[in-house]
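A quick write-up on the structure given underneath.
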2 protein chains.
Amino acid sequence: MAVIRGLRRRRRAAASGDEPARPRRPRRRIRLENDQRKAQLLALGQQAFSERTYDEVSIDDIARAAGISKGLLYHYFPTKRDLYLAGLRATAADLIERTTAAASPELPPLDRMRAGLDAYLDHVSRQARPFVALMRGGIGSDPEVVGVIEGVRATYVERFLDNAEGTPLAGLALANRPLLRIAVRGWIGFVEAASLEWLSRKDVERTTLRDLLVDALLASLRLGAAAGPAPS
Amino acid sequence: MAVIRGLRRRRRAAASGDEPARPRRPRRRIRLENDQRKAQLLALGQQAFSERTYDEVSIDDIARAAGISKGLLYHYFPTKRDLYLAGLRATAADLIERTTAAASPELPPLDRMRAGLDAYLDHVSRQARPFVALMRGGIGSDPEVVGVIEGVRATYVERFLDNAEGTPLAGLALANRPLLRIAVRGWIGFVEAASLEWLSRKDVERTTLRDLLVDALLASLRLGAAAGPAPS
DNA sequence: GATCCGTATTGACCTGAAGTCAATAGCTGA
DNA sequence: TCAGCTATTGACTTCAGGTCAATACGGATC
């Protein structure tokens, strides 16, 4: 595009002397502190990526929204993916922090689970659009993006395995049993899928869903701890 | 436009006089029947997309692998996404067909579930790489890609709701209960997540995993049908 | 065997967005 | 007032997806 523009301008200037190549007063530059600018761009990126798909958002869009040149954006974030990842990481950290804060260790185990899941569903409700977009594929199979999401999941796997110590399942050497690990990991998938379904309809109370998720976790732990097949 | 084309050609000719503009005998064209060529490209696309990421695969790569020009590829598949989608649809149809064939209606309900899940896990094992890639994000939040995957899930939701009619849960007007729908949808997420975890370690027998999934389905149906919260 | 013709096939080209970099100008401190 | 640091610019490059008028293959016709 820029190449073509250049060509066009030269051609026009040569062919038709009617446009006097106006000196193009450059608009006044506005300098921001390094941190301010970075925070601004991060926020604008988060907003853009939560409203549109990764590749529907162009770097030029964000630069325009910030009132700066594309080159400056690349000064702060070396690639488009980095900008996306920075926003994703911030959101992930926020999610972990909120759920951690809610699930106080002083609560009885079941209440901890409930409180944690309430915080999770709360976050998911408020961030519905970007959450759905992310879970539906986000950016295409990028290793680092997958890494962030898997990191959140792994955090929860550990947390719920630990938390289970206070339940009737305590003392089972939980984390080392392969089947149990699969069951808990499966339950995380259950939570995400159930959340997406819930968001798409909202025809169930949040507390009802939360209780379903708690029950499903208890059932998963039970099934993962017992090795037996289903009764025929 | 014509002007630009002319410019480029002239510039090249003028700049590089060292290359004697070899007459470039065009390689012999090989004509294939319309259907043959399309099938070939589809197969090559499936292979490429199963080995590499969506945007790691370039159209030129596939065209080169087929020994044809890029233009021809676009004659058969209007966009890169279309080629990807065609392969995905074929795989999805294959999965549905295999699981449907395995889960014969003549089997008792629990055996049907087992057989269906066996077929599912079998497919997932053989297609491990592309399956993981797809579930980890595939192509970035493309509506049609999501549509194909959601279509498969919806098929299974209906199937297992139907199949449940033969179990102790029969006669509950299953499909219309929002919470039950969420529970079954959640279970699908459980299956996918558990399958991914299983594929990454393979430290559990397939039959063990299958039985876990069956038990999880039964538990999900039970929880989704009963509205009550967990006992505190 | 010559030639005609539908259509499979080509490759040069366009386009648009990501990413680069040398030059420029706003601010701060002396 | 001026110097210097660095935030900022925008023209440029690169690259992959996508277009299209021209071409040539191969079966049908004589």
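Below, chains carry the letters A, B, ... as their sequence lines are ordered, and counting in each starts from 1.
- Residue-to-nucleotide proximity on DNA chain D shows that, of B:Tyr74 and B:Arg31, the 5′-proximal contact is made by B:Tyr74.
- Close to C:dT9, at under 4.0 Å from its OP1 or OP2, lies a side-chain N or O of B:Arg37.
- Both A:Gly71 and A:Val57 sit near DNA chain C, but only A:Val57 has its closest nucleotide nearer the 5' end.
- The pair B:Arg89-B:Glu144 meets the salt-bridge criterion, since a charged nitrogen lies less than 4.0 angstrom from a carboxylate oxygen.
- Counting distance only, with no hydrogens placed and no angle test, the side-chain atoms of A:Lys80 and the base atoms of C:dG19 include no donor-acceptor pair under 3.5 Å.
- In B:Gln36, the CD atom is crowded: over 12 heavy atoms of neighbouring residues, nucleotides or ligands sit closer than 6.0 Å.
- Atom-to-atom, CD1 of B:Ile68 to P of D:dA24 comes out at 18 Å; the value is rounded to the nearest Å.
- Summarising the geometry, the separation between CG on B:Leu41 and C1' on C:dT9 is reported as 12 Å, rounded to the nearest angstrom.
- At the heavy-atom level, B:Ile59 lies under 4.0 Å from the strands shown only through sugar-phosphate atoms.
- Formation of a donor-acceptor pair under 3.5 Å by the A:Asp61 side chain with backbone atoms of A:Ser58 is found in this model.
- Between the C1' atom of C:dG16 and the CZ atom of A:Arg64 lies a distance of 13 Å, rounded to the nearest Å.
- No engagement by B:Asp55 is indicated, since no non-hydrogen atom pair under 4.0 Å with the nucleic acid exists.
- Distance from the side chain of A:Thr79 is smallest to C:dG19 among D:dT9, C:dA18, C:dG19.
- At whole-Å resolution of the value, CG in A:Leu72 and P in C:dC21 are 16 Å apart.
- A:Asn34 has a side-chain polar atom (N or O) that falls below the 4.0 Å cut-off from OP1 or OP2 of D:dA7.
- Screening A:Arg185, A:Arg153, A:Arg181 for a salt bridge (charged side-chain N to carboxylate O under 4.0 Å, His left out) with A:Glu158, the sole residue that qualifies is A:Arg181.
- With D:dT9, C:dT9, C:dA18 as the candidates, the nucleotide lying closest to the side chain of B:His75 is C:dT9.
- As rounded to whole Å, 11 Å separates atom P of D:dG17 from atom CD1 of B:Ile139.
- One interatomic measurement links the two molecules: NZ of A:Lys70 to P of D:dA11, which rounds to 12 Å at whole-angstrom precision.
- Between the CG atom of A:Leu73 and the P atom of D:dT8 there is a distance of 11 Å, rounded to whole Å.
- Rounded to whole Å, atom P of C:dA17 lies 19 Å from atom OH of A:Tyr84.
- Within the nucleic acid shown, B:Tyr76 comes within 4.0 Å of sugar-phosphate atoms alone, with no base atom in reach, counting heavy atoms only.
- Judged by distance alone, the side chains of B:Asp122 and B:Ser125 never bring a donor and an acceptor atom under 3.5 Å apart.
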